[in-house]
Amino acid sequence: QLICEKFSDNIDIKYRAFSTRLGGTDLAGQWNRCLAMIGSEEWVWFVPDDDVLGERSIQSVLETIESTTCNDVFVFVPSSNIDENGSCSRTPDAFPKEDTAENLYAEHLRGNIAGISLASTVYRTDALRATGGFVSFPLGWGSDHATFLLLSKATKVKVSQGGHIKFRSSRVNISNQKGNYREKMYARKLFSEFLSINSDVLFSKSMGERIKKLYFLKTEYFVRNIWGASPQLVQDLQDIANNLQIESSTPRRIRYQTW
């Protein structure tokens with residue numbers, strides 16, 4: 001609040017202190033609670049407190065928005081990765097001015113781009129509201145990806161040029177924590193159901209099969225290399241394979257770059 005008051009004479013800032021900490025139990029619910037606060041703003045950008053806006057990021061987004069049409073539902077913002085100390089661990093990738101969400105997501109799953117996150121998407125407000133806001137999964141794990149895919153529905157998306165988001169990847173990130181792997185696995189099971197149910201709408205046929213396979217392989221990587229292949233997790237992995245209608249591989253340790 002003190003920070004907002006410091007800049008309130010120069011910037012139109014609205015500060016809201018919630019009486020309950022919803023983000024600790026329902027992260028997507030917290031995002032949707034913030035979405036409900038948006039007034040007449042045509043576009044909305046959610047930037048988590050541990051991420052950082054890169055140089056020219058706002059300017060490049062505004063320039064990209066000027067080139068959008070009524071059919072554009074969001075603008076994709078490239079990312080770099082920083083650690084807990086703010087040091088850059090991966091520079092932003094180069095992108096064309098337009099791409100498809102399915103291709104961006106496939107490249108994300110393969111690790112070929114720095115990633116897709118909540119802050120890497122600037123949404124058209126009415127389009128985000130029309131889908132019911134952010135798709136909810138435990139820990140919010142996959143909620144940003146599901147919403148990203150649901151809004152795009154395999155159409156072309158605008159990509160901002162010249163600016164980027166600095167996504168913080170550290171030991172305290174949800175993605176890198178090991179103690180909550182059961183909730184993460186449940187979230188991935190729900191996400192696999194989401195992919196299976198919506199595949200025909202979200203992707204072209206060939207890309208849909210590829211993305212489902214990539215999603216399974218990344219889940220397998222977490223189970224066999226990070227979370228520990230307990231009997232329950234292996235069964236959950238098989239359930240995900242069944243949801244996605246793909247063949248599960250034999251137990252083994254795999255490298256991230258094998259897909």
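Side-chain atoms are counted along with the backbone in the values below, which use heavy atoms only and exclude waters and symmetry mates. All residue numbers refer to positions in the sequence shown, counting from 1. Because the structure is predicted, anything quoted here is derived from the model rather than measured.
Checked against side chain to side chain contact (heavy atoms under 4.5 Å, CB included), Glu55 has no partners two or more places apart in sequence or in another chain. A search for salt bridge (Lys or Arg N to Asp or Glu O under 4.0 Å) contacts involving Arg56 returns Glu63, not counting sequence neighbours. Applying the side chain to side chain contact (heavy atoms under 4.5 Å, CB included) criterion to Ala127, with sequence neighbours excluded, gives Val73, Arg124, Leu151. Among residues two or more places apart in sequence or in another chain, the side chain to side chain contact (heavy atoms under 4.5 Å, CB included) test is passed with Glu41 by Ile38. For His164, there are no ring pair (Phe, Tyr, Trp, His ring centres under 6.0 Å) partners at least two apart in sequence or on another chain. With sequence neighbours excluded, no residue forms a salt bridge (Lys or Arg N to Asp or Glu O under 4.0 Å) with Glu193. In this structure, the salt bridge (Lys or Arg N to Asp or Glu O under 4.0 Å) partners of Arg90, at least two apart in sequence or on a different chain, are Asp93. Every ring pair (Phe, Tyr, Trp, His ring centres under 6.0 Å) that Phe191 has, sequence neighbours left out, goes to Phe137, Phe194, Tyr215. For Asp26, the salt bridge (Lys or Arg N to Asp or Glu O under 4.0 Å) criterion is met by no residue, not counting sequence neighbours. Checked against side chain to side chain contact (heavy atoms under 4.5 Å, CB included), Ile3 has the following partners two or more places apart in sequence or in another chain: Phe7.
For the ring pair (Phe, Tyr, Trp, His ring centres under 6.0 Å) condition, the pairs that include at least one residue of residues 18-62, sequence neighbours left out, are Trp31-Phe134, Phe46-Phe134.
Between the OG1 atom of Thr131 and the CZ atom of Arg129 there is a distance of 11.5 Å, given to the nearest 0.5 Å. Within the model, atoms CD1 of Ile116 and OG1 of Thr121 stand 7.0 Å from one another, a figure rounded to the nearest 0.5 Å. Atom CD1 of residue Ile58 and atom OG of residue Ser160 lie 11.5 Å apart, to the nearest 0.5 angstrom. Between Arg168 atom CZ and Asp83 atom CG the span is 7.5 Å, to the nearest 0.5 Å. Interatomic distance, NZ of Lys205 versus CG of Asp200, reported as 9.0 Å (0.5 Å rounding). Rounded to the nearest 0.5 angstrom, Ile211 CD1 and Glu102 CD are separated by 6.0 Å.
Closest of all the heavy-atom pairs between Gly163 and Pro78 is O-CD, 3.9 Å. Ala28 and Val135 get closest at one heavy-atom pair: CB-O, 3.8 Å. Here the closest non-hydrogen pair linking Ser79 and Ala114 is O-CB, 3.2 Å. Of all the heavy atoms in Lys212 and Ile246, the pair that sits closest is O-CD1, 4.0 Å. The heavy-atom pair separating Lys184 from Trp227 by the smallest distance is CD-CZ2, 3.6 Å.
Atom CD of Gln245 has 12 or fewer neighbouring heavy atoms from other residues, nucleotides or ligands inside a 6.0 Å radius.
Contact check for Lys166 versus Ser80: side-chain heavy atoms found under the 4.5 Å cut-off. Contact check for Asn242 versus Gln238: side-chain heavy atoms found under the 4.5 Å cut-off. Inter-residue side-chain proximity for Thr219 and Met185 is flagged as met; some heavy-atom pair is nearer than 4.5 Å. Considering only heavy atoms from C-beta on, Arg188 stays 4.5 Å or farther from Ser192 through its side chain. For the pair Lys158/Lys97, no side-chain contact is recorded, criterion being any heavy-atom separation below 4.5 Å from C-beta on. Between Leu233 and Phe222 the shortest side-chain heavy-atom distance does not fall below 4.5 Å.
If you chain together hydrophobic residues whose side chains sit under 4.5 Å apart, Val75 and Val159 never meet in one group. Clustering ILVMFWY residues whenever any of their side-chain heavy atoms sit less than 4.5 angstrom apart, transitively, puts Ile165 in a cluster other than the one holding Val157. Both Leu150 and Leu35 are part of a single hydrophobic cluster, where members link through side-chain heavy atoms under 4.5 Å apart. The same ILVMFWY cluster, assembled from side-chain heavy atoms under 4.5 Å apart, contains both Ile226 and Ile240. Note on Phe74: it does not cluster hydrophobically with Val47, by side-chain heavy-atom contacts below 4.5 Å among ILVMFWY residues.
Here the two rings, on His145 and Phe148, have centers that are 6.0 Å apart or farther.
In the hydrophobic clustering, where aliphatic and aromatic side chains (Ile, Leu, Val, Met, Phe, Trp, Tyr) are joined below 4.5 Å either directly or transitively, Val52 groups with Ile82.
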